[in-house]
Number of protein chains: 2
Amino acid sequence: MTSVSTRDSVWLRGERPHRDRRLTREQIVGVTVEILDTEGRDGLSMRRVASALGVSPGALYWYVTTKDHLMELALDAVLGEVLEGLQGTPGVPGWRSALGRIAGGSRAMFLRHPWVLADLATQPNLGPNALALADTGLEILADAGFADGDLDAALAAINDHVTGAVVAENAWRSVAARMGADGDDWTEEAGGFFKEVEERHPRLAARMAASGKIDIDRECARRFEFGLACLLDGLESRLP
Amino acid sequence: MTSVSTRDSVWLRGERPHRDRRLTREQIVGVTVEILDTEGRDGLSMRRVASALGVSPGALYWYVTTKDHLMELALDAVLGEVLEGLQGTPGVPGWRSALGRIAGGSRAMFLRHPWVLADLATQPNLGPNALALADTGLEILADAGFADGDLDAALAAINDHVTGAVVAENAWRSVAARMGADGDDWTEEAGGFFKEVEERHPRLAARMAASGKIDIDRECARRFEFGLACLLDGLESRLP
DNA sequence: ACCTGAACACCGTTCAAGT
DNA sequence: ACCTGAACACCGTTCAAGT
């Protein structure tokens, strides 16, 4: 109901005092993420979360002021997975591979929880895990020799590549899933579509045909690494 | 209602035959974009569009099978603006600046219509304007000397940078708008937030403070160009 | 302090019935 | 062929009233 620009964030408000609660924010966020993962964005409703917890819908509003706030919490929760994946393994040498690990871990997380992507565009990301992730990125880049404005811009460039790549990958996968699912009445309509692409944009049609034959997983991973390598090369050449 | 993976696209279905319609798809899409621009994503409803057109809600379903399809049409409509902006001016020399112009034009369009960003993550983009835009990108890169897999990956990398950057910019702007809007009861809660950031992540807090003093427009533009330049450098070094 | 139950003001979508 | 009107099955959110 509220417009994007005036919406406030969970992270700018304190949590309420408590005495004898039966629920926890963690519980609520937990089932929220579960529902989002299994049923997708459209499958989530306050009522659905409430029934999964065996509680009435209104009860949730004691713990969370709004559905948007709940989504913010869910977003930060899955960002936490990236941090966990990082601390499990030993540190790698070199800033390039260190950043590559974070980027790769983030990408994997986004592919596990595709519903987060729509959140990123809508909600500011001020949760503790988001901040910690940003800070470790800054640390790596600062140690590498970046400072001031270049420091911010370098981190932003890498983050942008990750989110942009996963957004595109997700869109592609949803098309591919539809195509592979059933060739029922689908192919006749879509046949006309492809024929038109062929006529109007032969170059594009050729590329679509070429990449259509390839395994999507491999191709997406390849493009991701290609872009990341280009970016890191460009960054490296800007080191003082 | 339908899950992302099984949702079909407007562009894979033909339009219906017609005789004496009072409405047009263009009209409907037009007011849809208008509402999205002024009222934001949450302000849009089928009923709202219908009433703006002076028609009953059910009437829209004669022209458009679903709200998601309408959003797909709106998405491609605003992508058309990028193409228009391109053909108005004379071609620039050099593949780097040619791509820079497309990237810049796309960024400007995304900032004019921030609601598109959530769409990108959710819906595949198979509209005529999206295809035309991709094709001109391919043309520029092919002329520059890229071919086969590198061609796809190069275009993807640039597109990813644009969408990723605008997603981040949009999120940042929504925070800034909130902070600038009113310092009523806001500052007390948020003061605690910033103090916590300072304690836990001093490096991040320093960067936040530094970039907080800068004009957002300039800073976002700077980061965008920085990342793009890094990327183009990396691409250039990969030319055969 | 926490939760229920019921209500309010919305949604997207369908579908008879009209013209 | 196109549109209306009313309905169906949902929403998010609020708030008295209970414990």
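Here the structure is a predicted model, which means the values were calculated and not measured. Within every chain, numbering begins at 1; the chains are lettered A, B, ... in the order of the sequence lines, protein sequences first and strands thereafter.
Every side chain to side chain donor-acceptor pair (under 3.5 Å) that B/T65 has, sequence neighbours left out, goes to B/H69. Partners of B/D76 under the salt bridge (charged side-chain N to carboxylate O under 4.0 Å, His left out) rule, at least two apart in sequence or in another chain, do not exist in this structure. Scanning for ring pair (Phe, Tyr, Trp, His ring centres under 6.0 Å) contacts around B/F224 gives B/H161, with sequence neighbours left out. Scored by the salt bridge (charged side-chain N to carboxylate O under 4.0 Å, His left out) test, B/D37 finds no partners at all (sequence neighbours excluded). Here B/D152 pairs with A/R207 under the side chain to side chain donor-acceptor pair (under 3.5 Å) rule; sequence neighbours left out. Residues forming a side chain to side chain donor-acceptor pair (under 3.5 Å) with A/T24 (at least two apart in sequence, or on another chain): A/Q27.
Between the P atom of D/dC11 and the CG atom of B/L44 lies a distance of 20 Å, rounded to the nearest Å. Distance B/L60 CG to C/dC11 P: 13 Å, rounded to the nearest Å. Protein atom CZ of B/R41 is 15 Å distant from nucleotide atom C1' of C/dC11, rounded to whole Å. Remark: C1' of C/dC11 and CG of B/D68 are 14 Å apart, rounded to the nearest angstrom. When the C1' atom of C/dC15 is taken as reference, atom OH of B/Y61 falls 13 Å away, rounded to whole Å.
Residue B/Y63 places at least one side-chain N or O under 4.0 Å from the OP1 or OP2 atom of D/dC3. OP1 and OP2 of C/dC3 both lie 4.0 Å or more from every side-chain N or O belonging to A/W62. Listed pair B/T66 / C/dG12 fails the phosphate criterion, with no side-chain N or O lying under 4.0 Å from OP1 or OP2.
In terms of position along DNA chain D, the nucleotide closest to B/G58 lies nearer the 5' end than the nucleotide closest to the other residue of the pair B/G58 and A/G58.
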For residues 190-202 of chain B, please give each side-chain donor-acceptor pair under 3.5 Å, one per line with the distance, not counting sequence neighbours.
unit_1: B/E196; atom_1: OE2; unit_2: B/R200; atom_2: NH2; d: 3.4
unit_1: B/H201; atom_1: ND1; unit_2: A/D135; atom_2: OD2; d: 3.3

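In this structure, B/Y63 OH and B/R25 CZ are separated by 11.0 Å, a value rounded to the nearest 0.5 Å.
Relative to the side chain of A/K67, the nucleotides D/dC2, C/dC3, D/dG12 differ in distance, and D/dG12 lies closest.
A donor-acceptor contact shorter than 3.5 Å is absent between the side chain of B/E72 and the backbone of B/Q123.
For DNA chain D, the stems formed by at least three consecutive Watson-Crick or G-U pairs, with both atom-pair distances below 3.5 Å, span C:4-8 with D:12-16, C:12-16 with D:4-8.
Against DNA chain D, the stretch residues 46-57 of chain B makes heavy-atom approaches under 4.0 Å through B/R47, B/V55, B/S56.
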